[in-house]
**Q** 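There's a structure below that I have some questions on.
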Amino acid sequence: MVLLLFGPPGCGKGTQAPLIQERLGIPAISTGDMLRRESERQSSMGKLIDGLLADGRLVPDAIVNRLLEARLAEPDCADGFLIDGYPRTVDQATHLSDVLESLAYPKPLLVHMDVPEPLLIGRLSARWNCPGCGAIYNVLSKPPIESGLCDVDRTRLTQRRDDTVATAHRRLKAYREVTDPVLGFYDAAGGGKVVHIDGNQTPDLVFEEIKQALEVHVRVPVRKRR
Ligand code: AMP
């Protein structure tokens with residue numbers, strides 16, 4: 001099973017990915033997380049990526065495609081995987097189709113989490129993350145129990161550099177202009193199935209909708225929560 005979590009920045013992909021990972025027992029791969037790790041390296045590629053992330057610009061396809069291809073070749077992906085944040089361009093979608101075909105994976109199910117654009121800037125600038133366990137909070141809609149501290153491990157929460165209002169506008173523009181056409185690629189070229197989910201609901205309700213879509217389209221039993 002190959003799942004693609006797709007939608008604009010701030011639509012809730014990073015919140016849903018670990019829930020799906022836990023229920024289905026497949027690895028959740030985030031190209032954003034992979035690139036943030038690369039950006040910490042002091043190599044010339046690390047520095048290039050660092051500058052692009054800070055500006056809210058997309059990293060070139062050749063770099064992201066190479067990193068993703070290497071990750072998909074790891075043994076834990078053999079029974080399927082979930083990707084959050086890729087493909088973000090039609091070139092990446094084409095590349096992914098070739099890679100999936102060469103590795104004999106089925107066509108993907110793309111889960112499109114739709115949230116009206118005017119809500120996204122507010123969501124992004126209110127987002128705080130736990131650097132310890134990766135939990136995501138929103139000071140307006142899902143605040144931590146104790147201000148500034150993670151509910152799970154009490155690590156001090158931080159904000160991503162690219163969650164500022166100015167950078168968020170640039171990321172949304174990139175989504176509109178370059179990423180949104182990827183939906184057309186899947187619809188038109190038969191690259192896989194597309195389901196549309198209303199992302200403007202509580203995370204629990206969004207997850208319910210995703211679960212129903214998985215049961216219909218992927219025909220896998222969804223595990224009971226432990
Ligand atoms: P995310 O964590 O998914 O919000 O991604 C954070 C940033 O990483 C994005 O704003 C881009 O700069 C970069 N990025 C993540 N995934 C991709 C991708 N598939 N293609 C190009 N850039 C990406």
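Just follow the structure's listing: the first ligand is 1, and inside any ligand the first atom is 1. Source: prediction; values computed, not measured.
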**Q** Tell me whether Leu120 shares a hydrophobic cluster with Val139, the cluster being built from Ile, Leu, Val, Met, Phe, Trp, Tyr side chains joined at under 4.5 Å.
**A**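 No, separate clusters.
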**Q** Any carboxylate oxygen within less than 4.0 angstrom of a Lys/Arg side-chain nitrogen, looking at Arg71 and Asp76?
**A**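 So Arg71 pairs with Asp76 through a salt bridge.
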**Q** Starting from Leu24, can I reach Leu82 by hopping between I/L/V/M/F/W/Y residues whose side chains sit under 4.5 Å apart?
**A**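 Yes, it is one cluster - the side chains of Leu82 and Leu24 are joined through contacts under 4.5 Å.
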**Q** Evaluate the salt bridge (charged side-chain N to carboxylate O under 4.0 Å, His left out) criterion for residues Arg36 and Asp33: first the C-alpha distance (whole Å), next the side-chain angles of each, then the deciding distance (0.1 Å), finally the verdict.
**A** CA-CA 5 Å; Arg36 277 184 284 280; Asp33 285 347; 2.8 Å; yes
**Q** Any donor-acceptor pair under 3.5 Å linking the side chain of Arg88 with the backbone of Leu58?
**A**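 Side chain of Arg88 to backbone of Leu58: no pair is present.
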**Q** Between Phe6 and Val115, is there shared hydrophobic-cluster membership here, with clusters defined by ILVMFWY side-chain heavy atoms closer than 4.5 Å?
**A**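 The answer is no; the residues belong to distinct hydrophobic clusters.
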**Q** Let me know which protein residues bring a heavy atom to under 4.0 Å of ligand 1; chain then number is fine for ordering.
**A**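 If the criterion is a heavy atom under 4.0 Å, then ligand 1 touches Thr31, Gly32, Leu35, Arg36, Leu53, Arg57, Leu58, Val59, Val64, Gly85, Tyr86, Arg88, Gln92, Arg160, Asp162, Arg171.
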